[in-house]
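Every value quoted in this text rests on a predicted model; they were computed, and no experiment measured them.
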Amino acid sequence: MSPASSTSCRGILKGDSEPSFERWLAERLEGLAPGIRSEAERWTRALRDGCPRSVPRA
């Protein structure tokens, strides 16, 4: 049995688990008013993933 398959059998590897960033963001935004929550989420994702304005022009 390969190491990957033995850890998979024990439930250590899960391909469908939620990424840690998504959990972290949801925890931080919990309890905020909807308008503030959506703007804060948009801003946080732009910082993490970039946005069209963060890419230099060709």
Side-chain angles (χ1 to χ4, degrees):
M1 182 180 284
S2 74
S5 63
S6 68
T7 56
S8 180
C9 290
R10 287 186 251 151
I12 296 172
L13 298 176
K14 297 203 182 248
D16 60 346
S17 65
E18 182 182 31
S20 59
F21 174 76
E22 297 301 326
R23 278 192 311 274
W24 175 86
L25 185 59
E27 290 171 5
R28 298 304 179 273
L29 298 176
E30 185 177 332
L32 293 177
I36 295 171
R37 179 184 175 106
S38 65
E39 288 299 313
E41 181 175 2
R42 189 168 58 100
W43 178 76
T44 305
R45 290 186 186 281
L47 288 175
R48 179 177 179 257
D49 302 329
C51 63
R53 294 185 67 166
S54 65
V55 179
R57 294 183 205 183

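Environment of CZ in R42: sparse, with no more than 12 heavy atoms of neighbouring residues, nucleotides or ligands closer than 6.0 Å. Counting non-hydrogen atoms of other residues, nucleotides and ligands closer than 6.0 Å to CD of E22 gives a total above 12.
Cluster annotation: L47 is not connected to I36 through the hydrophobic network of ILVMFWY side chains, with a link wherever side-chain heavy atoms come within less than 4.5 Å.
With rounding to the nearest 0.5 angstrom, the CG atom of L32 is 10.5 Å from the CD atom of E41.
In this structure the side chain of D49 never reaches within 4.5 angstrom of the side chain of F21, judged on heavy atoms.
Across all non-hydrogen atoms, the minimal contact from R37 to L29 is NH1-O, 3.1 Å.
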